[in-house]
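Here is the structure we will look at.
Labels below follow one simple rule: chain letters A, B, ... track the order of the sequence lines, proteins then strands, and each chain is numbered from 1.
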Amino acid sequence: MTKRITTIFTGLARQFFRSPGSVFWTVAFPVILILIFGAIFDSGGFSSYDLYLQDLDGSDSSRDFIQKLRDTEVLNIHTVPADEDIDSFITSRSIENMLIIPAGFEKDLQSHTAGINLSLRQDGTSGTSMAVFTTINAVVQGYNLKLAGGENYILVTQHDIISEDLSYIDFFLPGIIGLMIMMIAVQSTVGYQTRFRNHGIFRKLATTPLTNAEWLIGMMLWMLVMVGISVATVMITGILVFNVTMSLDVTSLMIIIISTGLFTAIGIIISQFVKDEEVAGTAAGAVTFPMMFLAGSFFPLESMPGYLQSFAKVLPLTYVNNGLRDAMIYGNTVGALDNMLIIIVIALVVIITAVAISGWKKE
Amino acid sequence: MERNVITIRGLTKKYGNLVAVNNVDLEIRAGEVFSILGPNGAGKTTTVEILECIRKATSGEIEILGHDLMTGSKEIRRQIGVLPQEFNAFDLLTVRENIKFFAGMYDRRADVDELISLVDLEDKRDVCFKNLSGGLKQRVGIAISMVNDPRIVFLDEPTTGLDPGARREVWEVIRGLRAKGRTIILTTHYMEEAEVLSDRLAIMNNGKFIALGSPSEVIEDHGGGQICTILGGGLAAMHSLKDMGAELKDNDVMIQIRDKDDLVRIVTSLDHNDISYDEIILRRPSLEDVFLKLTGHTIEGGELID
Ligand SMILES: Nc1ncnc2c1ncn2[C@@H]1O[C@H](COP(=O)(O)OP(=O)(O)O)[C@@H](O)[C@H]1O
Ligand SMILES: [Mg+2]
């Protein structure tokens, strides 16, 4: 059994390294993506940003201030109850921008005696942080002008949510890893399944002692190696070019392995419905392309219209991206495990479906 | 003593309403080359793929190498070798790597280099499969069908689409397998191939075996007497010999000889009517004549034509 699996594994590996196209898509493509998107998005620039806000004062003045922030039409304000513990709230929800209005805001505002300190906690990795800070500051400056003739009476102090010095590229890299897992697993599986079926190779293998399970295991193992090559490429590029620090912990490794299985199964399902090799490649593209843009690989889901955000909730890649970000960047283990659970459930459903409808021993 | 390696009783395969194989009985003997000859759609592939344990029969009993097909498929798989129809090995693996790959599926393996020399591909062993010509590809396929040192080898249309030269080279390889004592089951739509390669053959049409035996037996049983061809006889010869069943093909006239006197009658009639011709040829009927006689058709490029 192991002999047959290693035979399949080495056979696929040899073919991979002899096919310049495959090597390009696995290694060069993610590097190009990182360089291009890294350059474009590092400057930030979205039309609307999410701001979480905790109002510890709860006065007319603080409500008035919040309304002024809303009036900018740049900020999407979500209020957080005053009794919520901010630190755990931020980590558990992977919050990027959080503003805290201190108790006594109204009193200090009217008495003009003490300076007011608004605390803005931000995720420096997010492309949105600069814009959010600037917007809040603009509103605050308006207050200062009215109150004290231009004196900095209210102050916004910024605190990084994450202590390390991170940039947008750190947010982006896990997205590329998720994307590569999907592309490699779906495209290669569809390619193998249709090509080997049309070339009579499956028919030949069906006459040997090889079982369907052995074939799938051999193919999956090779798929994991391809994914591994791609993940390594992404990380090395990130480290060398953008000087990022990212960690591959057990959770992120698990997410990578499970999602490889999930997308392999999706590939098997596609190839079951489309028999022609070229048409199947197009079908695989039709499934992976929208997911690549709608599942938050390149930019935060919050920057998309609401209906697209709801749509993203049914895409498996969304949870892969979120899980990898939680695990690799935010250090949010709870969030990563939540996403992993969702991925496991989706993977089980898809894999069972794939096994049920496939099998190269069928006529 | 000849021993049967395959026994088939009442094999039927239906695809919905279509009866692809219709109540076939057959015995295949150890060490023989057995051909199933028929046009596209006759049911050849369906028949052999049932024997290869990759399709299920609708009904019938099959025994291969002493194992019942229903219960012994695992053991049967180990002892048979298969070249599927239109098989293409891995494009990006070399000849040697491809053979090794398929050998890796079995516990008992033949020596890879011996197989390469068996199909005469020593100088191509490190060439990628995709860079081989059609004939060489089929020879790799035959080597792959031998990787487990099988007792029975199934070759499904191994020469279809090859030019005559390449086809003859494949024939040589098949003869080599036979010399090594393998039982070979071959499907083809080339009459000549079945005639020169087979110890025995079955002619298959519409899911049925319509003739069975050694090539000479089949021809004797179904071909009738010798065929007399009057080259360049034309319409005139055809008319004068019409009552003997003469047929015109191009400018030649063909008559099947039924008894000894027929030949004398033909020559006399031509002489009497002062009909000119180039030459008179007598030949044994071929499988093509048998097929024409049994079905009213000939096969060209695998397709039935009138
Ligand atoms: N999987 C299938 N489903 C339905 N019909 C089939 C299938 N395979 C073959 N047939 C039909 O069965 C008949 C015999 O096919 P086949 O065994 O491939 O013939 P041959 O090999 O002699 O060309 C044909 O009419 C073909 O269309
Ligand atoms: Mg066929």
Worksheet item: Got a sec: does the CD of B:Glu86 have more than 12 other heavy atoms crowding it under 6.0 Å?
Response: no
Worksheet entry | Distance (rounded to the nearest 0.5 Å) between A:Leu205 CG and B:Ile54 CD1 | 10.5 Å
Worksheet item: Around atom CD of B:Glu122, are there more than 12 heavy atoms of other residues, nucleotides or ligands at under 6.0 Å?
Response: yes
Worksheet item: Which atom pair, heavy atoms only, marks the closest approach of A:Gly200 to B:Pro84?
Response: O-CG, 3.9 Å
Worksheet entry | Proximal component of B:Thr46, with respect to chain A [non-hydrogen, under 4.5 Å] | neither
Item to complete: Test A:Thr208 against every option in B:Met105, B:Arg78, B:Arg77 by the side chain to side chain contact (heavy atoms under 4.5 Å, CB included) rule and name the one that passes.
Response: B:Met105
Worksheet, complete the sentence: So CD of B:Glu97 and OG1 of A:Thr7: to nearest 0.5 Å the spacing works out to 12.5 Å
Worksheet item: Between B:Glu49 and A:Arg203, does at least one N-O distance fall below 4.0 Å, as a salt bridge requires?
Response: yes
Discussion item. So which atom in A:Arg14 and which in B:Leu93 form the shortest heavy-atom distance, rounded to 0.1 Å?
Written reply: CB-CD2, 3.6 Å
Worksheet item: When you look at CZ of A:Phe24, are more than 12 heavy atoms from neighbouring residues, nucleotides or ligands closer to it than 6.0 Å?
Response: yes
Worksheet item: From A:His199 NE2 over to B:Phe129 CZ, what is the distance, rounded to the nearest 0.5 angstrom?
Response: 9.0 Å
Worksheet item: Can you tell me if CE on A:Met254 sees more than 12 non-hydrogen neighbours from other groups inside 6.0 Å?
Response: no
Practice prompt. Working to the nearest 0.5 Å, report the span between OG1 of B:Thr94 and CZ of A:Arg18.
Written response: 6.0 Å
Discussion item. Report which part of B:Ile76 has an atom under 4.5 Å of a heavy atom belonging to chain A: side chain, backbone, both, or neither.
Written reply: neither
Worksheet item: What option among B:Leu83, B:Ile80, B:Ile144 has the most heavy-atom pairs under 4.5 Å with chain A?
Response: B:Ile144
Practice prompt. Please say whether more than 12 non-hydrogen atoms of neighbouring residues, nucleotides or ligands are located less than 6.0 Å from CG in B:Asn206.
Written response: no
Worksheet entry | B:Phe102 versus chain A, the contacting section by heavy-atom distance below 4.5 Å | side chain
Worksheet item: Under a 4.5 Å heavy-atom cut-off, does chain B meet the side chain of A:Phe16, its backbone, both or neither?
Response: neither
Worksheet item: With only heavy atoms counted, which part of A:Ile5 is less than 4.5 Å from chain B, the side chain, the backbone, both or neither?
Response: neither
Worksheet entry | side chain to side chain contact (heavy atoms under 4.5 Å, CB included) between A:Arg4 and B:Asp107, intermediate numbers included | CA-CA 9 Å; A:Arg4 287 192 278 274; B:Asp107 298 325; 4.0 Å; yes
Fill in: Over 12 non-hydrogen atoms of neighbours within 6.0 angstrom of NZ in B:Lys14
no
Practice prompt. Start with the C-alpha distance between A:Leu12 and B:Phe101, add both sets of side-chain angles, then the distance that settles side chain to side chain contact (heavy atoms under 4.5 Å, CB included), and finish with yes or no.
Written response: CA-CA 10 Å; A:Leu12 294 178; B:Phe101 179 94; over 6 Å; no
Worksheet item: Looking at CZ of A:Arg195 and CG of B:Asn88, how far apart are the two atoms once the value is rounded to the nearest 0.5 Å?
Response: 11.5 Å
Worksheet item: Checking heavy atoms, do the side chain of B:Ala103, its backbone, both or neither come under 4.5 Å from chain A?
Response: neither
Worksheet item: When you look at NZ of B:Lys100, are more than 12 heavy atoms from neighbouring residues, nucleotides or ligands closer to it than 6.0 Å?
Response: no
Worksheet item: Is the backbone N or O of A:Pro209 less than 3.5 Å from a side-chain atom of B:Lys74, with the two atoms forming a donor-acceptor pair by type?
Response: no
